[in-house]
Amino acid sequence: MSHRTYLNLIGGEWLPARTGKTFRNLNPANREDVVGEFPASGAEDVARAVAAAKKAFATWRLVPAPKRAEILYRCGQLLQERKEQYAREMTREMGKVLAETRGDVQEAIDEAFYVAGEGRRLFGKTTPSELQNKFAMSVRMPLGVVGMITPWNFPMAIPSWKLFPALVSGNTCIIKPAEDTPLSTYNLVQTLVDAGLPPGVVNIVAGFGPDAGAPLVEHPDVRAISFTGSSEVGSLVAQRAAANFKPISLEMGGKNAQIVLDDANLELALDGALWGAFGTTGQRCTATSRILVQKGIAAEFTARLVERAKKLKVGNGVDDGVEVGPQVNEQQIETSKKYVEIAQAEGAKLLTGGQTLTEDACSKGTFFAPTVFGGVTPAMRIAREEVFGPVVSLIEFDTFEKAIEIANSIDYGLSTALYTKDVNRAFTAIRDLEAGITYINAPTIGAEVHMPFGGVKHTGNGHREGSEAIDFFTTWKAVYVDYSDKLQRAQIDNAE
Ligand code: ADP
């Protein structure tokens with residue numbers, strides 16, 4: 001199959017990397033299929049993009065927010081028209097099944113319409129002044145040039161969570177997409193351009209993390225960084241950003257638990273577990289990677305989960321009936337294999353899967369069998385560390401309190417799920433689970449764009465995307481207007 005060569009978007013011009021270097025984007029379901037060739041950019045390309053974004057900021061910040069929002073709204077409409085094409089292109093570069101890539105594009109559409117409404121809000125506050133004839137208010141201001149570094153698992157949705165709120169707030173942006181899935185970010189940005197976004201307001205610099213991501217983090221004119229990816233890289237990026245006091249929003253790993261109590265609707269809990277663990281081939285930061293099952297139903301739940309995991313149809317995500325696509329690349333396969341070995345060495349019992357798939361429909365891609373471990377204890381590495389693949393661990397427990405303790409015993413705190421019919425336990429879990437997201441009788445995956453998204457502990461650094469993203473992409477200005485026509489001294493003239 002022939003492939004296209006893509007260029008960086010800098011100041012409205014499509015340009016190759018200064019060095020002329022490129023890298024290939026491969027289809028994980030068929031490594032012989034080259035999706036496209038993309039610029040392998042470096043610091044010079046980043047510097048040009050920053051200069052373009054800085055120039056564009058001078059005018060973009062003055063465009064009224066409702067007008068900025070109209071472009072986002074138009075972008076949402078165009079994405080609706082292009083949804084099927086973009087979903088197919090996303091499956092080709094990322095691997096997840098079509099139903100899920102359609103969902104990914106839909107999330108960008110939802111985000112566009114949601115954030116477009118923000119153009120007529122962006123609310124500040126007014127408050128009484130402590131002095132007479134004085135007015136006090138706070139207004140949201142854009143930050144300036146912001147940098148975004150994104151992962152490959154939601155290649156359109158995650159860029160939209162960052163770009164749209166940043167844009168409606170009046171910032172200009174440079175985005176460095178993940179090297180495995182740049183095309184979906186290109187499609188998103190092309191749609192913004194087609195919707196009328198002025199040149200330089202969004203710039204794309206493609207390339208590898210250390211070459212193209214790091215210079216973005218370090219550039220003095222980049223005022224803030226929004227990062228989604230692994231905790232390792234997130235820590236590195238945060239340390240670099242801290243050196244020049246750059247605000248940074250981090251969205252990182254998870255080790256998400258689904259708790260199933262004895263009284264749960266088992267069928268529902270099984271549906272949730274399969275979707276949570278093997279949706280997106282387990283490559284979601286919210287993926288279910290621990291299933292905590294109460295002793296009374298553990299045997300039945302385990303047997304039925306394994307039976308259903310064995311039946312999952314693995315293959316090319318564009319083919320009818322396929323439920324689980326490939327992993328995104330060889331490196332992810334290596335990680336899954338490594339954790340299978342670690343789990344077995346620690347004494348966990350491999351109940352199904354555990355190996356790469358290389359036959360028939362899987363012969364040309366990077367496929368890994370849906371994998372279930374039983375007999376896992378909370379101290380094992382397989383119960384504590386993120387795998388980011390189709391691998392799930394079953395942990396048995398006696399009491400509800402113990403389940404909460406196990407769920408909280410890890411470094412991460414993104415998503416959690418509880419299956420029960422007991423309303424008292426449901427509310428206790430909502431209060432006690434240390435996580436940014438808790439689902440009751442629903443799987444650990446399935447965030448909606450108008451809710452806060454993010455986690456606690458090593459999952460993030462306190463920021464939230466979704467409904468709270470505007471807080472990151474704006475800064476507050478406090479404004480006082482004194483109409484008394486005399487000097488009034490706060491804390492002094494009104495002391496009595
Ligand atoms: P994932 O496993 O989801 O790919 P990574 O943390 O490896 O997570 O990558 C997330 C994003 O961070 C990617 O766009 C990647 O290119 C980028 N990245 C990797 N290393 C660095 C780095 N040293 N500095 C900045 N960005 C980086």
| request: Please determine, by modelled atom types, if R82 and T191 share a side-chain donor-acceptor pair under 3.5 angstrom. | output: yes
Q) Less than 4.0 Å between a side-chain N and a carboxylate O, is that true for E107 and K83? A) no
Between the side chains of Y419 and Q258, does any donor sit under 3.5 Å from an acceptor? no
| Does E118 pair with R121 as a salt bridge, N-O distance under 4.0 Å? | yes
Exercise for the section: Return yes if some donor-acceptor pair links the side-chain N/O of Q294 with the main-chain N/O of L261 below 3.5 Å, else return no. Expected result: no
Requested in this report: Kindly say whether C362 contributes a backbone atom to a donor-acceptor pair with the side chain of D360 at under 3.5 angstrom?
Outcome: no
* Asked: Is a salt bridge present between K162 and E465, judged by a nitrogen-to-oxygen distance below 4.0 Å?
  -> yes
With no hydrogens and no angle check, is any side-chain donor or acceptor of S235 less than 3.5 Å from a backbone partner on S231? no
*asked:* I'd like to know if the side chain of T438 pairs up with that of T416 as donor and acceptor (distance under 3.5 Å, no hydrogens or angles considered).
replied: yes
Salt-bridge test for K457 and E434: reply yes if a basic N is under 4.0 Å from a carboxylate O, no otherwise.
yes
Q) Is the backbone of A87 close enough, under 3.5 Å, to the side chain of T101 for a donor and an acceptor to pair up by distance? A) yes
Quiz item: Salt-bridged, E341 to K338, with N to O below 4.0 Å?
Solution: no
Aromatic contact between F388 and W152, with the criterion being ring centroids under 6.0 Å apart: yes or no? yes
**Study point:** Presence of salt bridge, D398 and K295, under 4.0 angstrom
**Key:** yes
Between the OG atom in S160 and the OH atom in Y114, the distance rounded to the nearest 0.5 Å is 12.5 Å
Is a side-chain donor-acceptor pair under 3.5 Å present for E89 with Q85? yes
Spell out, as yes or no, whether a donor-acceptor pair under 3.5 Å connects the side chain of D262 to the backbone of G296. yes
Rounded to the nearest 0.5 Å, the OG1 atom of T228 sits from the CD atom of E251 at a distance of 5.5 Å
Note to self: Quick one: does any side-chain atom of R384 pair with a main-chain N or O of P378 as donor and acceptor, under 3.5 Å?
What the structure shows: yes
Closest heavy-atom pair, K246 versus V217, reported as atoms and distance to 0.1 Å, is NZ-O, 2.7 Å
| query | Is the shortest heavy-atom distance from the side chain of F278 to the side chain of V392 under 4.5 Å? | reply | yes
Heavy atoms of P151 and G229 approach each other most closely as CB-CA, 4.4 Å
Exercise. Are I440 and L418 side-chain neighbours, meaning at least one heavy-atom pair lies under 4.5 Å?
Worked result: yes
For D104, is there an ion pair with K96 - N to carboxylate O distance below 4.0 angstrom?
yes
Check: If you measure only the distance, is there a donor-acceptor pair under 3.5 Å linking the side chains of N153 and Q283?
Finding: no
| Is the backbone N or O of M252 less than 3.5 Å from a side-chain atom of T459, with the two atoms forming a donor-acceptor pair by type? | no
Q. Can you check whether V318 reaches R92 side chain to side chain, under 4.5 Å on heavy atoms?
A. no
Any salt bridge between R140 and D471, counting N to O under 4.0 Å?
-> yes
Basic-acidic side-chain contact under 4.0 Å: E70, R74: no
Report task. Output yes when a side-chain donor or acceptor of Y439 lies under 3.5 Å from a complementary backbone atom of A447, and no otherwise. Result -> yes
Q) Side chain of N171, backbone of F473: donor and acceptor closer than 3.5 Å? A) yes
Between E100 and R284, is the closest basic N to carboxylate O distance under 4.0 Å?
yes
Q | N256 (side chain) donor-acceptor with A287 (main chain) under 3.5 angstrom | A | yes
Cut-off 3.5 Å, side chains only: do E386 and S289 have a donor facing an acceptor?
no
Rounded to the nearest 0.5 Å, the CH2 atom of W476 sits from the NZ atom of K125 at a distance of 5.5 Å
